[in-house]
Amino acid sequence: QVHLVESGGGLVQPGGSLRLSCATSGRTFSNYPMGWFRQAPGKEREFVAAITSNGGGTNYASSVKGRFTIARDNAKNTVYLQLTNLKPEDTAVYYCARSGILSTMPDHYDYWGQGTQVTVSS
C-alpha cells in the first residue's frame, strides 16, 4: 500500500508564496511520475503540474505556468510544489498523486493524498 501525505498549505495574501510537500511511503517512489491537482469548491478537480520519475521532465497547466514549480527528491520520497505570485483564484484543496505515466488526466493516477488547503485572500 502506498500512502501520500501533503503538507504546507495555509492562508496567504495575494502575491504571496507557499511550498507544498507530499511525502510518500514505499520503496518504489523513484519509479513513478508524480502530479499535483487542485479542486476549488463547486468545481472539478483540475491538473496543476506533473514531473517524471527522475525529475527531468515537467508539465504545467497554463494557468500556473511561470508561477508554480514542481520538483522532487527521490532520496526523501517527496515531491514539492512551489507556489509563487499567488492569486485568489488559486484557492483550492491541493492534492498530490502517483501515476504510471506523465499525464494531465486524473484517471491515470492510482494513489492520492488527502489534500492540503490553500487559501489566497487579503
*Indicate, with yes or no, if the rings of Phe37 and Trp112 have centres closer together than 6.0 Å.*
yes
*Side chains of Ser53 and Asn31: closer than 4.5 Å at any heavy-atom pair?*
no
*Please report the shortest heavy-atom distance between Gln1 and Tyr111, naming the atom on each side.*
NE2-CE2, 4.1 Å
*Using modelled atom types only, decide if a donor and an acceptor are shared between the side chain of Thr84 and the backbone of Arg67 within a distance under 3.5 Å.*
yes
*What distance do Leu86 atom CG and Ser17 atom OG have between them, rounded to the nearest 0.5 Å?*
6.5 Å
*Rounded to the nearest 0.5 Å, how far apart are CG of Asn77 and OG1 of Thr24?*
4.0 Å
*So which heavy atom on Arg72 is nearest to which on Thr52, and how close?*
NH1-O, 2.9 Å
*Taking a hydrophobic cluster as the set of Ile, Leu, Val, Met, Phe, Trp and Tyr residues connected by side-chain heavy atoms closer than 4.5 Å, whether directly or through intermediates, do Tyr80 and Leu18 fall within one such cluster?*
no
*asked:* So which atom in Thr78 and which in Lys76 form the shortest heavy-atom distance, rounded to 0.1 Å?
replied: OG1-O, 2.8 Å
*Going from CH2 on Trp36 to CG on Leu83, what distance comes out if it is rounded to the nearest 0.5 angstrom?*
8.5 Å
*Evaluate the side-chain proximity of Tyr95 to Leu4: yes if any heavy-atom separation is below 4.5 Å, no if none is.*
no
*Between Asn59 and Phe47, which heavy-atom pair has the shortest distance, and what is it?*
O-CZ, 3.6 Å
*What closest approach, in Å, do Pro14 and Ser122 show between heavy atoms, and which atom pair accounts for it?*
CD-N, 3.7 Å
_Let me check something: do Phe68 and Val12 share a hydrophobic cluster, defined by ILVMFWY side-chain heavy atoms less than 4.5 Å apart, either directly or through other members?_
yes
*Decide yes or no for Gln117 and Thr91: does some side-chain heavy atom of the first lie under 4.5 Å from some side-chain heavy atom of the second?*
yes
_Just so I know, are the side chains of Val2 and Arg98 near enough to count as touching, which here means a heavy-atom distance under 4.5 Å?_
yes
*Quick one: closest heavy-atom pair of Ile51 and Val79, and the distance?*
CG2-CG2, 4.2 Å
*asked:* For the CD atom on Glu89, are there more than 12 heavy atoms of other groups (residues, nucleotides or ligands in this structure) within a distance under 6.0 Å?
replied: yes
*asked:* Are Ser63 and Arg38 packed together at the side-chain level, in the sense that at least one heavy-atom pair is separated by less than 4.5 angstrom?
replied: yes
*Spacing of Arg19 atom CZ and Gln82 atom CD [to the nearest 0.5 Å]*: 7.0 Å
_Just verifying a value: how many Å separate Ser121 OG and Asp90 CG, rounded to the nearest 0.5 Å?_
12.5 Å
*Please confirm whether the backbone N or O of Pro33 pairs with a side-chain atom of Ser99, one donor and one acceptor, at under 3.5 Å?*
no
*asked:* I'd like to know if the side chain of Ser25 reaches the main chain of His3, judged simply by a donor and an acceptor atom lying under 3.5 Å from each other, with no hydrogens or angles considered.
replied: yes
*Atom CG in Leu81, atom OG in Ser21: separation rounded to 0.5 Å?*
9.5 Å
*asked:* What I'd like to find out is whether the side chain of Met34 reaches to under 4.5 Å of the side chain of Ile70, using heavy atoms alone.
replied: no
*asked:* Checking the side chain of Glu6 only, and the main-chain atoms of Leu20 only, is there a donor and an acceptor separated by less than 3.5 Å?
replied: no
*Please confirm whether the backbone N or O of Tyr94 pairs with a side-chain atom of Thr116, one donor and one acceptor, at under 3.5 Å?*
no
*Would Tyr109 and Tyr60 show up in the same hydrophobic cluster when neighbours are defined by side-chain heavy atoms closer than 4.5 Å?*
no
